[in-house]
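Side chains included, hydrogens not; waters and symmetry mates left out as well; all remaining heavy atoms used. Whatever order the structure lists them in is the order used to number ligands and atoms, beginning at 1.
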Amino acid sequence: MPPILPQPGVLDIAPYEGGAAALPDGRAVLKLSANENPLGPSPGARAAYLAEAERLERYPSGGHDALRAAIAETHGLDPARIVCGAGSDELIALLCHAYAGPGDVVLHTQHGFAMYRIGAQAAGATPQSVPERDRRVDVAALIASADDRTRIVFIANPGNPTGTFLEPDALARLAEGLPTGCLLVLDGAYAEFADGYDGGAALVTARQDVVMLRTFSKIHGLGGLRVGWALGPAHVVDVLNRVRGPFNLSSPALAAAEAAMRDTGWVAQCRAENARWRAWLAEALRGLGLAVDDSHANFVLARFADPAEATAADAALRAEGILARRVTGYGFPEALRITVGDADGCRRVAATMAGFRSARGAA
Ligand SMILES: Cc1ncc(COP(=O)(O)O)c(C=O)c1O
């Protein structure tokens, strides 16, 4: 019998590794490994989710009209330019499948989110990593790397796991400098945490070759429901609507996301709490002698002297039931990415790291 093989490239994929959610001994944990919202979703979103339990025999809306209207009203956008997906992960995959294939190149940055590489490989395209400069996206390097084989350029802004931020004028320069026929995808999974940033929406609206991705998994606290959205030019929206599943979002997910989007007070509160405790945590870690860039997201990247110290710090946190994220696969074997938790969570991280550093005679 001939072997049954997947498409070229599929078996080259190194599967995505998520943040740890449990300890082997089953102790209660403080999970700071997946950039989840410590305050959870809006109470209105929870209620909307539960209300949908009364009509689960019905198919969900295939056009996501109510959710797109809520997004459009909240962000001042055209609902016809919005497509919703099962997390931004689904939209990343759909963009790769629709626009890249064998012989094509998908660019991502050196420390970029793993799903860009996986999406490209799954589509049979070749992912290519472009160096960053001091943990920041390097616009000139991206422009220099793009050629007529480049179909998509993915950038997360703010970056994950760096937390660094590219100013809107640099994004505009990047869009302008890429070759014709190449789509620039601005992944704004953490956009709400960056002061005054629109996620790239204005650039999308002004051009025909830029797409913005957003998620309900971070500031809206709905990672468990899998809802994301894209804003794009009409021709990209048309393509995504052709290739997506007709009912790609469940009715509880649609209802909860709509309520979450409309609860702007909750979002503002989450943003303010995150900003406050992000600054506090970064200062506390710097005070212990760790290297921490200013973060524009809901996590900080703490850099240690070397990979061995990061391993020991991770173990010290785990001993206290705290799960941070190793980011070796993102090019930072010497670092831990730590989600900004609530006040108590941040204090626990700082106290544990203080004990760790003083035991090593480092602070
Ligand atoms: C930069 C970035 N993009 C996209 C995602 C995926 O988000 P979603 O939960 O919407 O699939 C994440 C999740 O961690 C992320 O960090």
* Asked: For ligand 1, which part of Tyr190 has a heavy atom less than 4.0 Å away: the side chain, the backbone, both, or neither?
  -> side chain
* Indicate, as side chain, backbone, both or neither, the part of Lys218 found under 4.0 angstrom from ligand 1 when only non-hydrogen atoms are considered. =>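 Lys218 to ligand 1: side-chain contact only, backbone stays beyond 4.0 Å.
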* Cationic N near anionic O, under 4.0 Å, Arg278 to Glu283 -> no
* Is any NZ, NE, NH1 or NH2 atom of the basic residue among Arg286 and Asp294 found under 4.0 Å from an Asp or Glu carboxylate oxygen of the other? -> yes
* Consider ligand 1: state whether an atom of it lies below 4.0 angstrom from any non-hydrogen atom of Gly228. =>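 No.
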* Assess Asn35 for proximity to ligand 1: is some non-hydrogen atom of it under 4.0 Å away? => no
Determine yes or no for a side-chain-to-main-chain donor-acceptor pair under 3.5 angstrom, with [X] supplying the side chain and [Y] the backbone.
| X | Y | result |
| --- | --- | --- |
| Arg348 | Glu320 | yes |
| Ser33 | Arg325 | no |
| Asn298 | Asn35 | yes |
| Thr109 | Val130 | no |
| Arg27 | Ala319 | yes |

Suppose we measure from [atom] to each protein heavy atom; which comes out shortest, and what is that distance?
| atom | result |
| --- | --- |
| atom 7 (O) of ligand 1 | Ser88 OG, 3.2 Å |
| atom 1 (C) of ligand 1 | Asp187 OD2, 3.5 Å |
| atom 12 (C) of ligand 1 | Phe113 CZ, 3.4 Å |

* To do: Would you check whether Ser217 has a nitrogen or oxygen atom less than 3.5 angstrom from a nitrogen or oxygen atom of ligand 1?
  => yes
* For ligand 1, find out whether one of its N or O atoms is nearer than 3.5 Å to an N or O atom of Tyr116. =>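 It does not: no N or O of Tyr116 is found under 3.5 Å from an N or O of ligand 1.
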* Arg337 to Phe299 six-membered ring, cation-pi geometry met (6.0 Å, 45°) -> yes
* Asked: Going by the atom numbers of ligand 1, which of them fall below 4.0 Å from some non-hydrogen atom of Arg226?
  ->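 Contacts of ligand 1 toward Arg226, numbered from 1: 8 (P), 9 (O), 11 (O).
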* To do: Any atoms of ligand 1 less than 4.0 Å from a non-hydrogen atom of Asp89? List them with their elements.
  => 6 (C), 11 (O)
